[in-house]
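First up is the structure itself, then whatever we jot down about it.
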Amino acid sequence: MATIDDVAKTAGVSASTVSYVLSGKRPISAATRHRVERAIEQLGYRPHAGARALASARTNVIALMAPLRVGVNVGVIMQFVAGVVTSARAVDHDVLLLTQDDTTGLDRVASGSMVDALVMMDVEDDDPRIPVLVGLKQPTVLIGLPRDPAGLSCVDLDFEAAGRTAVRHLLDRGHRHVALIGSPPAVLERHTSYAERMLRGFTTACEQAGATFAVEPAESSVAGAYDAVDRLLDSMPGVTGVVVHNEVALPHVLAHLRERGKSVPGDVSVVAVCPTDVALAMQSPVTSVDIPAEAIGRVAVEMVVARLGGDQPAETRLLAPVLTDRGSTRGAPR
């Protein structure tokens, strides 16, 4: 295995010059830098991670806080994680995954020199972790949008616009009795940001159009989906349009609608808010507003790198929703 001395000998420079090329701590002429970089490539030299961290005061590690809480869909969470991890590797960073939902691990990781930056998921409207994050020396990017970001960068799907988009798709087809089968009660009770914004977009669009509407939270299970459908059909037997924002419940919502004698889209039009692969995995593909989880993860890493470079102020990026019609909606039945 090549050493820094091997690189120095091949490039005809001192070991300290190689170190300066790697760390960027001192200006090195373009010609010398080129010789060192060519020697590194030729020898396949890889600096030891600990030595590199000491030389540059960087660890090339990003902490990703993705708490596995009640009501969280692990499959969708892992799509966000995949976006963060693949993008981090593309810029020579590793990812340290934190799955607890308190600040203990956050303090331990950030107080030392374990990570260069943090990305935090499952953000609540008034998230108790934000004051801790604001006090850290490492830059933080939130996947979510709290009520007060407190100077932290944020990225997410514009869930409020997603709710409006789903409702308007149904309204444009003549539906005036619509419903939202939404997130689990535990997610709503935590005032999780994406669920709150989705609910706000849905209700606002219905109220502005003068449509009759209902909201039914659903546990992420077969029983939870069946209960939500039963409550909905019992309270609003004339419902003709349903928005489903619950990936686990979605297939069971569709199945129980059929069991209750409601064909899709003949009797009830259905729009899902979910990742594309979930919508395509149904027995019949479902019209959906895509949750671009991997893309959001990639943008989060881009924002982290920009903040580490010191040339990017805190910002909020909300990705515009995109609806794809796959035939699970049609004009409201008379």
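Note that these values count all heavy atoms, side chains included, but never hydrogens, waters or copies made by symmetry. Index from 1, following the sequence.
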d(Arg33 CZ, Ile40 CD1) to nearest 0.5 Å is 9.5 Å

| field | Side chains of Leu118 and Ile62 in contact at under 4.5 Å (non-hydrogen atoms) | value | no

Show the numbers, then the answer: is there a side chain to side chain contact (heavy atoms under 4.5 Å, CB included) between Val271 and Val242? CA-CA 6 Å; Val271 179; Val242 175; over 6 Å; no

Practice item. Treating Ile, Leu, Val, Met, Phe, Trp and Tyr as nodes and any side-chain heavy-atom pair under 4.5 angstrom as an edge, say whether Val244 and Val187 lie in one connected cluster. Key: no

Given the rule in the side chain to side chain contact (heavy atoms under 4.5 Å, CB included) test, do Val95 and Val61 qualify, once you have shown the distances and angles that lead to the verdict? CA-CA 6 Å; Val95 174; Val61 176; over 6 Å; no

task = Measure the shortest side-chain to side-chain distance between Arg200 and Met198 over non-hydrogen atoms and say whether it is less than 4.5 angstrom.
result = no

Exercise. Examine His245 together with Tyr194 and report whether their ring centres are nearer than 6.0 Å.
Key: yes

From the list His169, His175, Arg330, side chain to side chain donor-acceptor pair (under 3.5 Å) with Ser269 holds only for His175

Here the gap from Leu318 atom CG to Leu157 atom CG, rounded to the nearest 0.5 Å, amounts to 8.0 Å

With Met236 as partner, the option from Thr240, Leu233, Val239 fulfilling side chain to side chain contact (heavy atoms under 4.5 Å, CB included) is Val239

Please determine whether a side-chain nitrogen of the Lys or Arg among Asp94 and Arg89 lies less than 4.0 Å from a carboxylate oxygen of the Asp or Glu. yes

Would you find a donor on one side and an acceptor on the other, under 3.5 Å apart, between the side chain of Ser87 and the backbone of Val84? no

Exercise for the section: Look only at the side chain of His34 and the backbone of Thr32, and say whether a donor-acceptor pair between them is shorter than 3.5 Å. Expected result: no

One should read off an interatomic distance between Asp127 CG and Leu142 CG, to the nearest 0.5 angstrom, of 8.0 Å

Regarding Asp325 and Arg173, does a basic nitrogen lie under 4.0 Å from an acidic carboxylate oxygen?
yes

* Asked: So if you build clusters from Ile, Leu, Val, Met, Phe, Trp, Tyr with side-chain heavy-atom gaps below 4.5 Å, do Val286 and Val76 land together?
  -> no

Identify whether the distance between the nearest side-chain nitrogen and carboxylate oxygen of Arg260 and Asp230 falls below 4.0 Å. yes

Worksheet item: Does Asp6 offer a backbone N or O that forms a donor-acceptor pair with the side chain of Thr3 under 3.5 Å?
Response: yes

Would you say Gln138 and Val115 make side-chain contact, with heavy atoms under 4.5 Å?
yes

- Shared hydrophobic cluster for Met303 and Val119 (ILVMFWY, side-chain gaps under 4.5 Å): yes

Nearest heavy-atom approach of Val273 to Ile291 is O-CD1, 3.8 Å

Practice task
Please check if the distance between the ring centroids of His177 and Phe213 is under 6.0 Å.
Solution key: no

Tightest non-hydrogen contact, residues Ile181 and Val229, listed as CD1-CG2, 4.1 Å

Output for pair (Arg190 CZ, Asp125 CG), nearest 0.5 Å, gives 12.5 Å

Report task. Determine, using the 4.5 Å side-chain heavy-atom cutoff (strictly less than), whether Val85 and Val74 are members of one ILVMFWY cluster. Result -> yes

Per side chain to side chain donor-acceptor pair (under 3.5 Å), Tyr226 is matched among His252, Glu259, Arg231 by Glu259

* To do: Would you check if Val18 and Ser14 make a side-chain contact, meaning some heavy-atom pair closer than 4.5 Å?
  => no

Output for pair (Leu152 CG, Leu136 CG), nearest 0.5 Å, gives 9.0 Å

Taking every heavy atom of Thr329 against every heavy atom of Thr287, the minimum-distance pair comes out as OG1-OG1, 3.9 Å

Classify the side-chain pair Asn246/Glu219 by whether it contains a donor and acceptor separated by less than 3.5 Å.
no

Review point. When you look at CD of Glu207, are more than 12 heavy atoms from neighbouring residues, nucleotides or ligands closer to it than 6.0 Å?
Key: yes

Can you find a pair of side-chain heavy atoms, one from Leu199 and one from Leu180, that are under 4.5 Å apart? yes

**Item:** ILVMFWY cluster, Met121 and Val155 together (side-chain gap under 4.5 Å)
**Value:** yes

Check Asp156 with Arg197, please: is the shortest side-chain N to carboxylate O separation under 4.0 Å? yes

May I ask you to decide whether Glu37 forms a salt bridge with Arg35, counting only side-chain N to carboxylate O separations under 4.0 Å?
no

Counting distance only, does the side-chain N/O of Asp290 pair as donor-acceptor with the main-chain N or O of Thr276 below 3.5 Å? yes

Here the gap from His256 atom NE2 to Asp227 atom CG, rounded to the nearest 0.5 Å, amounts to 8.0 Å

inquiry  = Are the side chains of Glu294 and Phe80 in contact, using a 4.5 Å heavy-atom criterion?
reply    = no

| Cut-off 3.5 Å, side chains only: do Thr212 and Arg176 have a donor facing an acceptor? | no

Review point. Got Val178 and Phe202 here, is their nearest side-chain heavy-atom distance under 4.5 Å?
Key: yes

Regarding Ser263 and Arg258, do their side chains bring together a donor and an acceptor under 3.5 Å, going by distance alone? no

* Asked: Just by modelled atom types, is the Ala249 backbone N or O under 3.5 Å from a matching donor or acceptor in the Ser220 side chain?
  -> no

Heavy-atom closest pair (Gln79 atom, Pro275 atom, distance to 0.1 Å) is OE1-CB, 3.6 Å

* Asked: Tell me, do Ser235 and Glu216 make a side-chain contact under 4.5 Å, heavy atoms counted?
  -> yes

All heavy atoms of Pro237 vs all of Asp234, minimum pair found to be CD-O, 4.0 Å

**Study point:** Under 3.5 Å donor-acceptor, Thr17 side chain and Val13 backbone
**Key:** no

Which of Glu196, Glu124, Arg147 passes side chain to side chain donor-acceptor pair (under 3.5 Å) with His191? Answer is Glu196

Is a donor on one side and an acceptor on the other found under 3.5 Å between the side chain of Ser328 and the backbone of Pro265?
no

What verdict does the side chain to side chain contact (heavy atoms under 4.5 Å, CB included) test give for Glu160 and Asp158, after you've listed the backbone C-alpha separation in whole Å, the side-chain angles of each residue and the deciding distance to 0.1 Å? CA-CA 6 Å; Glu160 191 164 344; Asp158 189 340; 3.8 Å; yes

Residues Arg164 and Gly201: closest non-hydrogen pair is CG-O, 3.4 Å

Report the C-alpha separation of Leu250 and Val278 in whole Å, then their side-chain angles, then the decisive distance to 0.1 Å, and conclude whether the side chain to side chain contact (heavy atoms under 4.5 Å, CB included) test is met.
CA-CA 9 Å; Leu250 177 60; Val278 175; 4.2 Å; yes

Exercise for the section: For side chain to side chain donor-acceptor pair (under 3.5 Å), just list the numbers for Arg326 and Ser288, CA-CA rounded to whole Å, side-chain angles, deciding distance to a tenth of an Å, and then say yes or no. Expected result: CA-CA 8 Å; Arg326 298 188 179 90; Ser288 71; 2.7 Å; yes

